[in-house]
Amino acid sequence: MNRLLLLTLTIIISSCSSVPLSTIARMSSFDSQDFVALNPDELRVIVVLPREFTLDTQTSWMGVDISSSAGIHQGVFELREESVRSEETSKGFFSEPEEVTSYLLSLTPASKVEFSNLQAFVNKAAADSVAIRVVPKLASRPENATSVNVSIELQLSQEQGFFTLVDSAQLMLDSSEQSEDG
């Protein structure tokens, strides 16, 4: 019997996020075999921020928490920048286009090895749950910013491509964080 894995996205900048129903539906059939079959070389994350905010790609990370009968295993995986693009997005027919920056990230070589080790753990002890966190850290932001809209997409395989994890979630920023003009 396959144990259902729950994919949970947590963004730790502040509070809530907006996970599309299509993502919940897509991941409802994701199981231990699917997780073990992932190729760490194909994992990708896209983080989209308003242009006046800058992502700190060196401190941003992806985390995976596995719970099974054999215990709990937590992995923190460093991300590296593959590309950065400036683009315009539209929130709707009547809204003005917004200038955004899109960051394409992948696992670092060391994190690929750690991810494979986590897969070996799941292969030995089927997981009851899997929680995936993408934690984007800001390098700079406008001085008066109290929140930021963030979108995050994840690619588990090249064949299936990207799907939206977080769709323009408004996240509150910690006022005690140092900020810069962006």
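- Residues Leu49 and Leu138 are in side-chain contact: their nearest non-hydrogen atoms beyond the backbone lie under 4.5 Å apart.
- A continuous path of hydrophobic side-chain contacts links Leu154 to Val84 [ILVMFWY only; heavy atoms under 4.5 Å].
- Residues Val148 and Pro50 form a side-chain contact, since some pair of their non-hydrogen atoms from C-beta on lies under 4.5 Å apart.
- Remark: Glu153 pairs with Ile46, Phe162, Thr164 by the side-chain contact (heavy atoms from CB on, under 4.5 Å) rule, at least two apart or across chains.
- Cluster annotation: Val113 and Trp61 are assigned to distinct hydrophobic clusters (Ile/Leu/Val/Met/Phe/Trp/Tyr, side-chain heavy-atom contacts under 4.5 Å, transitive).
- Expressed to the nearest 0.5 Å, how far CD of Glu87 lies from CZ of Arg51 amounts to 8.5 Å.
- Inter-residue side-chain proximity for Val150 and Phe53 is flagged as unmet; no heavy-atom pair is nearer than 4.5 Å.
- Considering only heavy atoms from C-beta on, Ser60 stays 4.5 Å or farther from Val47 through its side chain.
- Thr54 places a side-chain heavy atom less than 4.5 Å from the side chain of Tyr103.
- Put simply, the side chain of Thr108 never gets that close to the backbone of Arg80: no donor and acceptor are under 3.5 Å apart.
- For the pair Asn123/Phe121, no side-chain contact is recorded, criterion being any heavy-atom separation below 4.5 Å from C-beta on.
- Expressed to the nearest 0.5 Å, how far CG of Leu79 lies from CD of Gln58 amounts to 11.5 Å.
- A 6.0 Å sphere centred on CD of Glu114 holds more than 12 heavy atoms belonging to other residues, nucleotides or ligands.
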*What's the verdict on side chain to side chain contact (heavy atoms under 4.5 Å, CB included) for Leu105 and Leu55, showing C-alpha distance, side-chain angles and the deciding distance?*
CA-CA 11 Å; Leu105 310 171; Leu55 185 69; 4.0 Å; yes
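- Between the OG1 atom of Thr146 and the CG atom of Leu171 there is a distance of 11.5 Å, given to the nearest 0.5 Å.
- In this structure, the separation between CG on Leu38 and CG on Leu43 is 6.0 Å, given to the nearest 0.5 Å.
- Contact check for Asp167 versus Ser151: side-chain heavy atoms found under the 4.5 Å cut-off.
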Is there a side chain to side chain contact (heavy atoms under 4.5 Å, CB included) between Met62 and Val135 once you walk through the steps? CA-CA 6 Å; Met62 181 176 75; Val135 183; over 6 Å; no
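- At distances below 3.5 Å, at least one donor-acceptor pair connects side-chain atoms of Gln155 with backbone N or O atoms of Glu42.
- Counted within 6.0 Å of CD on Glu88, heavy atoms from surrounding residues, nucleotides or ligands total more than 12; the atom is thus considered enclosed.
- Interatomic distance, OG of Ser116 versus CG of Asn39, reported as 8.0 Å (0.5 Å rounding).
- Note: Glu78 CD to Thr57 OG1 = 11.0 Å, rounded to the nearest 0.5 Å.
- The shortest non-hydrogen separation linking Ser86 to Thr101 is OG-OG1, 4.4 Å.
- When side chains are defined from C-beta on, Arg133 counts as touching Asp65, because their heavy atoms get closer than 4.5 Å.
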